[in-house]
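Chain naming here is simple, since letters A, B, ... match the order of the sequence lines and numbering starts at 1 in each.
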Number of protein chains: 2
Amino acid sequence: MLELAILGFLYDAPLHGYVLRRHIAALTGHVRPVAESTLYPAIKRLEKAGLLARATEPGAVAAPRHVLRLTEEGGRELKRRLAEPAQREITDENHWFTLLAFLRHLEDPAAQAAVLRRRLAFLQEPASFFYDGDRPLSAEELDDPFRRGVLTIARATSRAELAWLRDTLASLDRAGR
Amino acid sequence: MLELAILGFLYDAPLHGYVLRRHIAALTGHVRPVAESTLYPAIKRLEKAGLLARATEPGAVAAPRHVLRLTEEGGRELKRRLAEPAQREITDENHWFTLLAFLRHLEDPAAQAAVLRRRLAFLQEPASFFYDGDRPLSAEELDDPFRRGVLTIARATSRAELAWLRDTLASLDRAGR
DNA sequence: GCACAATACCTCGCCATCGAGGTATTCCGT
DNA sequence: ACGGAATACCTCGATGGCGAGGTATTGTGC
């Protein structure tokens, strides 16, 4: 998820770590902050894997900046990760939102649509949070107001997302023809 | 999050690891599956911390079962974690839903309401996923249909949750008087 | 003139998670 | 009679994330 965000931001423009951190904080920081001690090692991992390269520039204000840019391999890897996400990236909303934030980089409408269809399939699976044996419980059946809240909120999210998915898939299909 | 779920399920009734695993899978498994190699060490951690105790019973079907039950200390710890959740439990929907699933164990309506108010405060902070400098961008301002989707879905979720929070807080306040 | 915030990057050690693999038993289908 | 699925639990090594802490520079408030 973090690596995807790094690759995604750098695909648009070279950035140095400090600015990259602010970008990532804006994207997902209110929900899940990213520590520096997570970001910098992640950058090193990606650099070691040949996905990005750094150029040292004199710092505008303070210490020298390491300006990061995607290598060609890095661009290919980004597209691979966007086109063939692991199942976790589809099911976990945090991961999914990060993926959506960069899905435009995938360019090919058919490839974008294929990813959206995986999410659609996931959302259409009958799944709840609470069960009576194997039978999923609806919000109305629960006494607990907090569990009822979980189902109410999840249902609203699901409805909104299904509507958006159908609209967007329709317009991607038009674009693909 | 995993530890909270373990404590929460065991607060209701003693269970052995295998059944506990199915309960957790039902609760969060469709979004974020839990590996056995994560669950069993987590059980051991909690046991070592004195929060739960195990009693070995002959297996009903196969290997002997280790029936787990909360200790008194475990019950107190559960309530502490429910009453004073870390900020991540408030902001991250996965964590938050897990917390909500067990918040009824907190019994005191005022304590429950205090937790909901923390979530309310979080949702009311002006925060977006995408910015133009410091200015949060609305769905309408985005060209990218995928980023627009993120905002559309997040807005629907937020709306539904705010409505539910206000209703539930009102009824908790009535109960607390 | 001096502390403090912000910029900009880094290491270290701890810990939770995970996949792969292992052990043993019982039930079910063929 | 036999293999595979389900039950039930476990270890190990690799890895990613995180808090604490460190280094150095420049701009800002008092």
Side-chain angles (χ1 to χ4, degrees), chain A residues 1-7 9 14-25 28-29 31-49 51-68 81 86-89 91-92 94-95 98 134, chain B residues 1-7 9 14-25 28-29 31-49 51-68 81 86-89 91-92 94-95 98 134:
Chain A
M1 198 180 121
L2 173 60
E3 294 185 359
L4 187 66
I6 295 172
L7 297 173
F9 279 123
L15 295 171
H16 63 275
Y18 202 77
V19 171
L20 186 56
R21 191 177 179 234
R22 283 214 307 271
H23 279 58
I24 292 171
T28 57
V31 169
R32 186 182 274 272
V34 178
E36 282 190 12
S37 51
T38 305
L39 176 63
Y40 286 110
I43 288 170
K44 294 213 162 169
R45 275 201 306 280
L46 296 174
E47 195 188 359
K48 204 172 162 188
L51 306 182
L52 50 87
R54 70 172 70 196
T56 304
E57 275 185 16
V61 175
R65 293 164 164 184
H66 296 180
V67 177
L68 309 166
R81 291 188 193 208
Q87 192 58 18
R88 181 80 106 266
E89 320 286 319
T91 63
D92 187 323
N94 297 145
H95 291 245
T98 304
D134 279 342
Chain B
M1 199 179 121
L2 173 60
E3 294 185 359
L4 186 67
I6 295 172
L7 297 173
F9 279 124
L15 294 172
H16 63 276
Y18 202 77
V19 171
L20 187 55
R21 190 178 180 232
R22 284 215 306 271
H23 279 58
I24 293 170
T28 57
V31 168
R32 186 183 274 272
V34 178
E36 282 190 14
S37 51
T38 305
L39 176 62
Y40 286 110
I43 289 171
K44 296 212 164 173
R45 273 201 306 279
L46 296 174
E47 195 189 0
K48 205 172 162 187
L51 306 181
L52 49 88
R54 70 172 71 196
T56 304
E57 276 184 18
V61 177
R65 293 166 164 183
H66 296 180
V67 177
L68 309 166
R81 291 189 192 206
Q87 194 57 18
R88 180 80 107 268
E89 319 288 319
T91 63
D92 188 322
N94 297 144
H95 291 245
T98 304
D134 279 341

Enter the distance from [X]:[atom1] to [Y]:[atom2] here, rounded to the nearest 0.5 Å.
X        : Y        : atom1 : atom2 : result
Asn94(A) : Arg88(A) : CG    : CZ    : 11.0 Å
Leu2(B)  : Arg32(B) : CG    : CZ    : 11.0 Å
Lys48(B) : Ile43(B) : NZ    : CD1   : 15.5 Å

How long is the line joining [atom1] of [X] and [atom2] of [N], in whole Å?
X        : N       : atom1 : atom2 : answer
Arg22(A) : dA5(C)  : CZ    : P     : 18 Å
Leu15(A) : dT7(C)  : CG    : C1'   : 15 Å
Leu39(A) : dT7(C)  : CG    : C1'   : 14 Å
Ile43(A) : dT11(C) : CD1   : P     : 12 Å
Arg45(B) : dC18(C) : CZ    : C1'   : 13 Å
His66(A) : dT23(D) : NE2   : C1'   : 13 Å
Leu46(B) : dT17(C) : CG    : P     : 10 Å
Leu4(B)  : dT17(C) : CG    : P     : 12 Å

Presence of [X] side-chain N/O under 4.0 Å of [N] phosphate oxygens OP1/OP2:
X        : N       : result
Lys44(A) : dT11(C) : yes
Arg54(B) : dC10(D) : yes
Tyr40(B) : dC9(D)  : yes
Arg88(A) : dC18(C) : yes
Thr38(A) : dC18(D) : yes
Arg65(B) : dC9(D)  : no
His16(B) : dT7(D)  : no

Using only modelled atom types and a 3.5 angstrom limit, is any donor from either the side chain of Glu36(A) or the base of dC18(D) paired with an acceptor on the other?
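Absent.
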Presence of donor-acceptor pair under 3.5 Å, side chain of Ser37(B) and base of dG19(C)
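Such a pair is found, so the answer is yes.
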Assess whether a salt bridge exists between Arg81(B) and Glu89(B), defined as any Lys/Arg side-chain N lying under 4.0 Å from an Asp/Glu carboxylate O.
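Not counted as a salt bridge, because no side-chain N and carboxylate O are separated by less than 4.0 Å.
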For a 4.5 angstrom cut-off between non-hydrogen side-chain atoms, does Lys44(B) reach Arg54(B)?
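Side-chain contact under 4.5 Å: yes.
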